[in-house]
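Here is the naming used below: chain letters follow the sequence lines, and residue numbers restart at 1 for every chain. Atom set for the values below is all heavy atoms of this structure, side chains included, hydrogens, waters and symmetry mates excluded.
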Protein chains: 2
Amino acid sequence: MTGRPRSFDRDAALAAAVEQFWRVGYDETTIATLTSAMGVTPPSLYAAFGDKERLFQEASRTYFARTCEGMDEAATRPTAHEAIAEMLDGTARAHTDAATPPGCLVLTEPRLGSQRAAVRERLRSRLDRGVRDGDLPAATPTDELAGFLLAVMRGMSGCARDGGSAEDVLAIARTALRALPPPVDRGPLPPD
Amino acid sequence: MTGRPRSFDRDAALAAAVEQFWRVGYDETTIATLTSAMGVTPPSLYAAFGDKERLFQEASRTYFARTCEGMDEAATRPTAHEAIAEMLDGTARAHTDAATPPGCLVLTEPRLGSQRAAVRERLRSRLDRGVRDGDLPAATPTDELAGFLLAVMRGMSGCARDGGSAEDVLAIARTALRALPPPVDRGPLPPD
DNA sequence: GTCATTCCATAGCGATCACTACACAAGGAG
DNA sequence: CTCCTTGTGTAGTGATCGCTATGGAATGAC
């Protein structure tokens, strides 16, 4: 019933898998590189995580959860402009963090389209709140704008993957903010 | 000296190879799918194109030449705003043309970084001309702006690959234009 | 201790990868 | 026709892919 205990840290092994998928993508990641990076033999990998596909799903879910944390925290900024600026800034920092592979797994991996849609939905949701709060014009095309911002984030990821510096990626984010509608002036007091 | 003549159209076979690399990328394209799509057996492929790497180089060079044609033609527009708008519009149309795979080979394939740098350079060059012509402010950060536009184009390609419609991709292009500096008023005629 | 259960390590499965050896076919030169 | 050159088609190379059969090691239950 109980059996021999596992000889490796499952979470640590999963983190190593995340790092692999993140750096070279699903297709270029092989079971051999995974077992090497995770410090685990193939049978142990399959016993603990199923197959390559399920391991990738679990890895991408872990990765995506962290991404969403960052976005949700940035979304708490009082105005839509500040929130979007913080999201793009955090994205730029994450994409060029020397401690992790460049770019973003969700924005790069072809098969993670649904996660990208979720990111876009989060962007739109924050823009919608900006319209409700009155710091964005009522006529703001929030869905179009969210699609644009997702595209910019993807471009930032690609720039980082091509070796772009943190400043290069940040410059993209800064420029993208110019495409937002001008903030609505709501009087002498800050709206929050 | 003369030998047996080739039994297939080299250009047509190359075009089929371009289509393969374009649709699924370098890594996912196998010799087997290439020979099938090109209507050629492996020895003929290797005799005519070298190996997979050289075939890809020739295919991407062919593809890139067409891309540059489109950009150079768009660059002839009188103002920088019109030229950039035309480039983004042409990009959007190319990325969602039903007759070709969605997205862009150059903007998608990791190993084509130098071609992406060339696209960015073309964008910067046209922006620089806009500054010289006086339809962009003298202080315009043309290099940063070119990096931003390349990122947007990459995002447009990704959107198309994710199944985005022509209108979705065009909306990204339209929104990106809002990030350009306002045109310099150069007299009684409206600059737009 | 014995047993059942679970994990680990070696070793290798069939399939597919990029690529090619070999024999033959199709042309020009003489 | 006989050569010579070059392309074609079959069939298969060693390497690597994702994945697993098998046997032994490590635990708890009794």
Sugar-phosphate only, base, or nothing, as touched by Thr35(A) at under 4.0 Å among non-hydrogen atoms: nothing
Nucleotide nearest Tyr46(B) (side chain, heavy atoms from C-beta), chosen from dG28(C), dC17(D), dT20(C): dT20(C)
Rounded interatomic separation in angstrom, taking CG from Asp27(A) and C1' from dG18(D): 13 Å
Exercise: do Asp128(B) and Ser125(B) side chains pair donor with acceptor under 3.5 Å: no
Greater than 12 external heavy atoms within 6.0 Å of Glu73(B)'s CD: no
Comparing Thr33(A) and Gly50(A) on DNA chain D - which has the more 5′ nearest nucleotide: Thr33(A)
Whole angstrom value for the distance that separates P of dC17(D) from CD of Glu28(B): 14 Å
Rounded interatomic separation in angstrom, taking CZ from Phe56(B) and P from dC19(C): 14 Å
Nucleic acid footprint by protein, nucleotides 8-14 of chain D - heavy-atom cut-off 4.0 Å, B for base, S for sugar-phosphate alone: SBB----
Face-on cation placement of Arg6(A) at Phe8(A) ring, 6.0 Å and 45° thresholds: yes
Charged tip of Lys52(B) within 45° of Tyr26(B) ring normal and under 6.0 Å: yes
Proximal nucleotide (of dT20(C), dG18(D), dG27(C)) relative to the Ile31(A) side chain: dG18(D)
Cation-pi geometry met for Arg54(B) and Phe49(B) (6.0 Å, 45°): no
Phosphate OP1/OP2 of dT6(C): any Thr2(A) side-chain N/O under 4.0 Å: no
Arg111(A) charged N/C atom sitting above Phe56(A) aromatic ring, 6.0 Å / 45°: yes
Between dC17(D) (C1') and Tyr26(A) (OH): distance, integer Å: 12 Å
Spacing of Glu53(B) atom CD relative to dC19(C) atom P, expressed in whole Å: 9 Å
